[in-house]
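Below: one structure, written as structure tokens.
So that the names make sense, note that chain A is the first sequence line, chain B the second, and so on, each numbered from 1.
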Amino acid sequence: MFENVIADLLNVSGVRGVYIADQEGTLIESESTGEINEEMSAALIVEIFNRASEIVEKLSADKVEIIAVEGKKYRVLVSRTGNFILGVVADIKANYGLLKIEVKRALDKMAMMG
Amino acid sequence: MMMILPKASLTKIEKGSFDAIVENLEKSNFTGFIKIAFRKDELSVAEILFENGKILAAEIAKMKSKKSIVGDDAIAEMRNLEKVVVEIYTLSSGEIRKIFDMNRSFEVKEKKEQLISRPQKTNTGVMLEIKEVPKSEREVIIEKYNISLPNESEIDSLIKNTIGNSELYLDIEKQKILERYGIKKPREEEIEQIIANALGESEGEVIADKVDKDFETIKSEIIKILESKVGKPAKRAIEIVDSCKSMSELSRNAKELSKALKALVVFVPKKKVEEVISEIEERIGKKIG
């Protein structure tokens, strides 16, 4: 369903995995380069989104646009369009600016297709 | 290896079968490129260049194995795919030409009719390969430049405007009228006969008129024949011929001349007399016997 979106994001240098899930954390579509449990990854990404949204709401009465979680090796970006939640796992050295642009473009395409 | 494509703005996204989407693009004379994402063994992305509905170049890039399939093989690989997502990017003809020049190595050479042909199931369950009839050069040009064919009346008026005053056109028109009413074009002789009839002249008179023109020559020839073949006994016949001043007068005196000649059988063999008579008849173009 979202093969084009996933392919575009995987084409960005350093991207390791792309996950698309619904609001309940059910995996819709994904692709990753390593041996990762994709269903669990999708559920965890939705969990990040829901928790962060709650916190942002309580902290600043604002809505989440993009969530970026940085580890030592990887960076995780999560965002939402309509009923879909998109998560991208990339190397920490991957171009963050480019990654954000591609995530936004992916969200636009998902909105067109949804 | 990936195709070099510009950052164009997305026109629309379509989902469905590859063949149906490509066929629609071909029918709508689409110019631009499309990106197709699909899963066949692994996630793959294809890019296809179109110009006026014709596929120029194609490439499939496999995401995991990093393999690349180009040209005709790429199209063959995607044929019969039922679930694809297609991003459509519209460009101008000039832009697509430049892009194609940069991506020559991905060129699709296979003929269009072979690309869109696909197996069709018959009632008996037999799979048949139905191919489009190849288009003639004329049809391709008509389609390419969106030429609408003129109707019969337009063709007629065009011909009339171009050669309306020429003899050729009048000839064509005459031929059409003759054909319409089932009239046969008369032969030259028939025309002459019709004219002669209209003027009230008999065939014999027409011939006599022709002979009139050179009457003096004919008269001298006849006299020569009589002198050389009969000699002195032909004196009376020579006098008759000599007294005539025109061909019509000679025709009137034909009976008398014949009588004078036939009377010669006393002095000359009958065969010779007949020979002379026939020679005179030949000269004046009329029977005298």
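The 12-atom threshold is exceeded at CD of Gln23(A), counting heavy atoms of other residues, nucleotides or ligands nearer than 6.0 Å. More than 12 non-hydrogen atoms from other residues, nucleotides or ligands lie less than 6.0 angstrom from NZ of Lys40(B). Around atom NZ of Lys62(B), more than 12 heavy atoms belonging to other residues, nucleotides or ligands sit under 6.0 Å away. Around the CD atom of Glu65(A), the shell of radius 6.0 Å holds no more than 12 heavy atoms that belong to other residues, nucleotides or ligands.
Nearest heavy atom pair, residue Val45(B) against residue Ala7(A), reads CG2-CB, 2.9 Å. Residues Leu10(A) and Met63(B) approach most closely at CB-CE, 3.6 Å, considering heavy atoms. The shortest heavy-atom contact between Ser30(A) and Arg39(B) is O-NH2, 3.1 Å.
Only the side chain of Asp8(A) has a heavy atom closer than 4.5 Å to any heavy atom of chain B.
Glu31(A) and Lys64(B) are joined by a salt bridge, as a carboxylate oxygen and a charged side-chain nitrogen come within less than 4.0 angstrom of each other.
Between Lys109(A) and Val85(B) the shortest side-chain heavy-atom distance does not fall below 4.5 Å.
Separating the CD atom in Glu87(B) from the CE atom in Met113(A) is a distance of 7.5 Å, to the nearest 0.5 Å. One distance of note links CG of Asn4(A) with CD1 of Ile34(B); it measures 12.0 Å at 0.5 Å rounding.
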